[in-house]
Amino acid sequence: MPQEEKSEATIAPADRPDANRPDDVRYDAQRVETKWFERWQRDALLYAADPESDGAKPTKKKYYVLEMLPYPSGALHIGHVRNYAIGDALARYMWMNGYNVLHPMGWDSFGLPAENAAIKNNTPPREWTQANIANMKAQMNRLGFAYDWSREVTTCLPEYYRWNQWFFLKFYEKGLAYRKKSKVNWCSQCCTVLANEQVVNGNCWRHEETPVVQRDLEQWFLRITDYAEELLRDIDKLDGWPDKVRTMQRNWIGRSEGALIDFKVADDATGAVIRVFTTRVDTIFGATSVQLAPQHPLVAGFTRYNQVLGASVEQLIAEQRKAKEAGDIGAIEKRGVNTGHYAVNPYNGERIPIWVANYVLMDYGTGAIMSVPAHDDRDFDFAKKYKLEIRLVVLPVSTDPDETIAEPPLPFVAEEGMLINSGRFSNLSCEDAKRKMSAEAEQNGFGKAAVTYRLKDWGISRQRYWGTPIPMVYCEKDGIVPVPEKDLPVLLPDNVDITLTGASPLTRVPEFVNTTCPKCGGPARRESDTMDTFVDSSWYFYRYTDPHNDHAPFDSKAAQYWFPIDQYIGGVEHAILHLIYSRFWTKFMRDLGMIRNDEPVEHQFSQGMVIKDGAKMSKNRGNVVSPDEMVERYGADAARLYSLFAAPPDRDMDWQDSGIEGIRKFLGRVYRFVLHHAHPEHPDWNRSVPIDLAPPARAVQRKLHQTIKRVTDDFQGRWHFNTCISAIMELVNALYGAEEAIGKNAVPLPLVAEAQRDLALMLAPFAPYLAHELWEMLGETGSLLKAPWPKYDAVLAKEEEIEIPVQVNGKLRGRVVVPADAAEELVVERALADEKVKSASTGKQIVKKIYVPGKLLNLVVR
RNA sequence: GCGAAAGUGGCGGAAUUGGCAGACGCACCAGACUUAGGAUCUGGCGGGUAAAACCGUGGGGGUUCGAGUCCCCCCUUUCGCACCA
């Protein structure tokens, strides 16, 4: 750019078109955005990642930035805009920093809403979904998000879902997909089964007022529990994830180490056994009853000839259900009933009563516990209420020799310590006792050490239409037979009657259901359930790396180049379901040898919700902000910029209509400045900035470099886009402040040019439309998208003079201005000359001087 | 009950390592320009005072020359988990 050695740029004020400038030029966002929108539609491939994944030696570092793909519900909402504005800013920033960026988008397009809409509006789900995708894609484009649409993935298309089926066959082949009749969660509104993960406080995740009921159904399950240990262990590796999400996943997996112990039912001819799970087998000599969940299979036997007991058990079940519906199972009043039967403690042969209790849950552990009132607060409560024996078997022995054992013995001890009253195990530490007792149980065949998880296998069968058909066939002769790979995809038929009957709609399509057995060729029936849509989203991001592959889900090389995802961005509501299934799928694919990474996502980011008028936006509350309306009124840049400016991205953001108004003003301010100060035709425009600048010019230059530093630091170090934008606003304010000097040529034109170019570059990730317009106004012809991010010069950013606050005894009393590199002596000397400092310290002695270089001086006086 | 995050002007929010509390923006007030202003530009804007003093980051204590920031206790809000045996 430097062309001539003559450095001082001069132009006569009359040369500037702003001599009589029209101050009321308004920034016409619609005109500018429409212009660029049309160009970008034409140049869509601009956003495509460089094809470096085919084994060629990479020339750039890759960066995979991904926002969670949306469900095509009809229209984007403001939460989407916020999510994508973050991702797009990041993608653009990384492009400008020279990375090979993959920034794709797709559609999680199977699922219930399409069916419900179809029933309501009498439109086939496919049409409804396609129309929504078209609309939302148009919205995304209008918002200016730079997606590589050549990699678009739509999960409801056979070219995608056939690979769901392919994966299912692989799971089946490896013994990780199985079918079993089981009690399942059924939502009567959805008319389908829900995964455990989709049950919230006993209610359906979609219908918060609809209690989930239990039904017996034949279901397909994926053995995610085989990976429970690894899923748990590898959480430790995810240091790029928020702690909150990691904790939620840990809780969800819910690992618990203990022992399974069998108690024989006394005097029972059938040899019935109650298996309990306990983490405190060491306290088993203190077990004074066995407690069964009301739904425990043995209970039915006990109540068969005992109506009174049966009625009590029914009561307990009702109480549990009520508490679950209220989402308050933790506060249920403990109640129980004695069955009159006895169980035998296998360690000492003691007979203890068998009770049924409402605080014992059928779906955790074995649905039966040994009750040790002296060492478990729940059992303690229960025993007090029903006057059951409380027997102390552990003393809290401290390692501190000075500490004596509490006397008289406590009735209740939660801590571990040393065993008493436990026969041959007495005097052992709890830790040793657990080990020895588990070993003895195993030797004698009445139990073993065991680990249980809260995590259950993933039930993926759904009795609905709009999903991936499960590629299985039932033959009278050969039983369950997988569809051969070569016959995939099993196509989802169109024109299906999807009215809700409780049975899968596909059962009513004879040409779908009736088929031949792939093994024997005889008549057979197709599986008519479809897959949970969380299957679709468990691996879609791999498909982006090789979206058109028609002989594999993706090419391993492509996936290896791009994975793991460098930055994944989405709502915290997916912290458990989607993210845990995705991790599971990745580990499975790794075990199949398809990929090498253990985890799909390096850095995970959960953005906050968008709140309006103190509440989450929802149609019911009527506080929804429509992105279309915002784009129409203020433009896409304003909508995006505001969603980034109003709060740091990880926090909930309060949407205020007046706030976006301020952003619109800011964009106009930027536009007008450049309108009046862009003179690319001037011969001095592209010269280098002179070295020795007069104070007003130096101030502009300093502010410029300080701004670049702040925006860069806040962007990559902290993701504080709100302060990035504030910093840019300050720069613009400073440029307006320098207008008089610029008008008098006190600021050389090359510096004015540089400031505007850097301003456009820094705005590019946040407000791409305006940034591109500015870039053009500044006479630049190259692509802004991949123009280099501006660099700051630390020397030029440095202040020559600084103001040092002076405190006396910690209270601010004055300020002194000194050269930036001033020695302490000078600062103290000037400080002591300050009137206010003087008056605050007269008649007193300075006992201490604390000088923090460049920051502050504190004089301690007495 | 357990765990996490948060609490700062009228509002959204800044303050990155313990160092000028309130950057930036909204709202409000004033001025300039103007036939006009819901445009634009400039200035003001925590409370308090004539001006100072002084008071101010949910409350109370503490450490420190110095605390929004660190420690202890408490309160409130949001989120997650919840008789998990």
Side-chain angles (χ1 to χ4, degrees), chain A residues 21-26 201 242-245 247-248 250-252 254-256 258 276-280 291 293 320 323 327-334 357-361 363-372 376-379 381-382 452-454 572-573 575-576 608-609 611 616 642 645-648 650-663 665-666 668-669 672 710 713-714 717-718 720 722-730 732-733 736-737 739 803-812 814-815 836 847-852 854-861:
Chain A
R21 66 194 226 186
D23 270 335
D24 55 353
V25 172
R26 295 190 64 167
N201 287 336
D243 286 342
K244 183 188 163 109
V245 173
T247 306
M248 283 164 78
R250 264 190 212 103
N251 289 343
W252 189 262
R255 183 182 196 274
S256 179
V276 307
F277 176 71
T278 176
T279 55
R280 291 295 305 276
Q291 305 285 343
Q320 269 192 354
D328 204 17
I329 189 84
I332 191 173
E333 195 202 334
K334 290 179 187 50
N358 64 359
Y359 72 97
V360 181
L361 306 173
D363 52 15
Y364 182 78
T366 60
I369 61 167
M370 63 179 202
S371 176
V372 185
D376 182 290
D377 56 350
R378 296 154 303 181
D379 297 342
D381 287 350
F382 191 84
T452 58
Y453 298 93
R454 207 185 91 107
V572 75
E573 66 272 19
I576 298 177
M609 287 188 308
I611 304 284
K616 188 179 171 178
Y642 179 60
F645 177 67
D650 55 332
R651 287 245 289 265
D652 285 352
M653 156 196 175
D654 193 78
W655 184 278
Q656 296 179 350
D657 289 340
S658 58
I660 191 170
E661 187 70 45
I663 292 293
K665 276 194 214 167
F666 165 68
R669 220 165 131 76
R672 275 186 302 277
R710 273 181 64 192
D713 289 353
D714 280 0
R718 310 195 301 162
H720 277 202
N722 53 334
T723 53
C724 290
I725 295 165
S726 309
I728 298 173
M729 286 173 168
E730 280 185 58
V732 172
N733 291 346
Y736 271 91
E739 265 204 312
E803 196 180 60
I804 304 279
V806 181
Q807 298 182 336
V808 177
N809 288 347
K811 294 213 173 206
L812 182 69
R815 297 158 205 273
K836 282 169 106 181
V847 292
K848 204 170 173 188
K849 288 178 268 193
I850 293 141
Y851 179 59
V852 186
K855 285 268 177 166
L856 160 143
L857 174 69
N858 188 12
L859 302 172
V860 184
V861 302

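Since the model is a prediction, treat every value here as computed from it, not as a measurement. Below, chains carry the letters A, B, ... as their sequence lines are ordered, and counting in each starts from 1.
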Peer 1: Categorize Val847(A) for me: base, sugar-phosphate, or nothing, with a 4.0 angstrom heavy-atom threshold over every strand shown.
Peer 2: nothing
Peer 1: Verify the contact: side-chain N or O of Arg250(A) to OP1 or OP2 of C81(B), cut-off strictly under 4.0 Å; return yes or no.
Peer 2: no
Peer 1: With rounding to the nearest 0.5 angstrom, report the CD to CG distance, Gln320(A) to Leu361(A).
Peer 2: 6.0 Å
Peer 1: Using the P atom on both, measure G9(B) against U57(B) and round to a whole Å.
Peer 2: 9 Å
Peer 1: Rounded to the nearest angstrom, tell me the gap between atom CE in Met609(A) and atom P in A6(B).
Peer 2: 16 Å
Peer 1: Rounded to the nearest angstrom, tell me the gap between atom CG in Asp714(A) and atom P in G13(B).
Peer 2: 17 Å
Peer 1: For nucleotides 65-70 of chain B, tabulate all protein N/O to nucleotide N/O atom pairs closer than 3.5 Å, reporting atom names and distance.
Peer 2:
unit_1 : atom_1 : unit_2    : atom_2 : d
C65(B) : O2'    : Asn858(A) : ND2    : 3.3
C65(B) : O2     : Asn858(A) : ND2    : 2.4

Peer 1: Grab the CD-C1' distance between Gln291(A) and C84(B) for me, whole Å please.
Peer 2: 16 Å
Peer 1: Check the chi torsion on G9(B) and let me know: syn if it falls within 90° of 0, anti if not.
Peer 2: syn
Peer 1: Considering only atom C1', compute the distance from U78(B) to U40(B) and round it to an integer number of Å.
Peer 2: 42 Å
Peer 1: Just call it for Asp713(A): base, sugar-phosphate, or nothing, with non-hydrogen atoms closer than 4.0 Å on any strand.
Peer 2: nothing
Peer 1: Rounded to whole Å, how long is the line connecting atom CH2 of Trp655(A) with atom C1' of C11(B)?
Peer 2: 16 Å
Peer 1: Which nucleotide wins on minimum distance to the side chain of Pro648(A), given the candidates A14(B), G12(B), A23(B)?
Peer 2: A14(B)
Peer 1: With pairs taken as Watson-Crick or G-U wobble and both distances under 3.5 angstrom, which stems of at least three consecutive pairs involve RNA chain B?
Peer 2: B:1-7 with B:75-81, B:10-12 with B:24-26, B:28-32 with B:40-44, B:58-62 with B:70-74
Peer 1: Rounding to the closest angstrom, what is the interatomic distance between G22(B) and G44(B) at atom C1'?
Peer 2: 15 Å
Peer 1: Starting at NZ of Lys849(A) and ending at P of G19(B), how long is that distance when rounded to a whole Å?
Peer 2: 23 Å
Peer 1: Anything under 3.5 Å between a protein N or O and an N or O of nucleotides 26-32 of chain B, put it in a table, one pair a line.
Peer 2:
unit_1 : atom_1 : unit_2    : atom_2 : d
C26(B) : O2'    : Ser658(A) : OG     : 2.8

Peer 1: Tell me whether Tyr642(A) contacts the main-chain N or O of Gln656(A) through its side chain, where contact means a donor paired with an acceptor under 3.5 Å.
Peer 2: yes
Peer 1: Using the P atoms only, state how far C26(B) lies from U16(B), rounded to an integer number of Å.
Peer 2: 24 Å
Peer 1: Relative to the 5' end of RNA chain B, which residue comes earlier, Gly254(A) or Lys244(A), by the nucleotide with the nearest heavy atom?
Peer 2: Lys244(A)
Peer 1: Report which part of the nucleic acid Asn733(A) touches: base, sugar-phosphate, or nothing (heavy-atom distance under 4.0 Å, all strands).
Peer 2: sugar-phosphate
Peer 1: Measure from the side chain of Met248(A), starting at C-beta and using heavy atoms only, and say which of A85(B), G80(B), C41(B) lies closest.
Peer 2: G80(B)
Peer 1: C24(B), A85(B), A15(B): which one has an atom nearest the side-chain heavy atoms of His720(A)?
Peer 2: A15(B)
Peer 1: Distance from Ile850(A) atom CD1 to Lys855(A) atom NZ, nearest 0.5 Å?
Peer 2: 16.0 Å
Peer 1: When you measure from the side chain of Asn809(A) to the backbone N and O of Val861(A), does any donor-acceptor pair fall under 3.5 Å?
Peer 2: yes
Peer 1: Determine the Euclidean distance between corresponding P atoms of C65(B) and C45(B); express it in Å to zero decimal places.
Peer 2: 34 Å
Peer 1: Let me spell it out: for each of Asp379(A) and Val572(A), pick the nucleotide of RNA chain B with the closest heavy atom. Which residue's pick is nearer the 5' end?
Peer 2: Val572(A)
Peer 1: Taking the P atom of each, how far is A67(B) from C55(B), in whole Å?
Peer 2: 12 Å
Peer 1: Please state whether the phosphate of C79(B), meaning OP1 or OP2, lies under 4.0 angstrom from any side-chain nitrogen or oxygen of Arg651(A).
Peer 2: no
Peer 1: Picking from G25(B), G13(B), U42(B), which would you name as closest to the side chain of Met729(A)?
Peer 2: G25(B)
Peer 1: Got Ser726(A) and Phe645(A) here, is their nearest side-chain heavy-atom distance under 4.5 Å?
Peer 2: yes
Peer 1: Please state whether the phosphate of A23(B), meaning OP1 or OP2, lies under 4.0 angstrom from any side-chain nitrogen or oxygen of Thr723(A).
Peer 2: no
Peer 1: Can you measure Asp654(A) atom CG to G7(B) atom C1' for me and round it to whole angstrom units?
Peer 2: 15 Å
Peer 1: Looking at Asn722(A), does any N or O in its side chain come under 4.0 Å of the phosphate oxygens OP1/OP2 on G12(B)?
Peer 2: no
Peer 1: With rounding to the nearest 0.5 Å, note down the distance linking CD1 in Ile728(A) to CG in Asn733(A).
Peer 2: 12.0 Å
Peer 1: Check every atom of A85(B), A15(B), G13(B) against the side chain of Asp376(A) and return the nucleotide holding the closest atom.
Peer 2: A85(B)
Peer 1: Is there a side-chain contact between Arg280(A) and the phosphate of C84(B), meaning an N or O under 4.0 Å from OP1 or OP2?
Peer 2: no
Peer 1: Base, sugar-phosphate, or nothing for Phe645(A), non-hydrogen atoms under 4.0 angstrom?
Peer 2: base
Peer 1: So, Asp652(A) side chain and Met609(A) main chain: donor-acceptor pair closer than 3.5 Å or not?
Peer 2: yes
Peer 1: State which of C55(B), U42(B), C81(B) makes the closest approach to the side chain of Tyr736(A).
Peer 2: U42(B)
Peer 1: With C1' as the reference atom in both, quote the distance from A52(B) to A39(B) in angstrom, rounded to an integer.
Peer 2: 41 Å
Peer 1: P atom, G12(B) versus A27(B): distance in rounded Å?
Peer 2: 15 Å
Peer 1: For Arg710(A) and A14(B), what is the distance between atoms CZ and P respectively, to the nearest whole Å?
Peer 2: 12 Å
Peer 1: For Glu739(A) and G43(B), give me the distance from atom CD to atom P, rounded to whole Å.
Peer 2: 12 Å
Peer 1: Counting side-chain heavy atoms from C-beta on, which of A15(B), C41(B), A85(B) comes nearest to Arg378(A)?
Peer 2: A85(B)
Peer 1: When rounded to the nearest 0.5 angstrom, what distance separates CG in Asp379(A) from CD1 in Ile369(A)?
Peer 2: 4.5 Å
Peer 1: Could you check whether the rings of Tyr359(A) and Phe382(A) sit parallel, tilted or perpendicular, using 30° and 60° as the cut-offs?
Peer 2: tilted
Peer 1: Rounded to the nearest 0.5 Å, how far apart are CD1 of Ile663(A) and NZ of Lys665(A)?
Peer 2: 11.0 Å
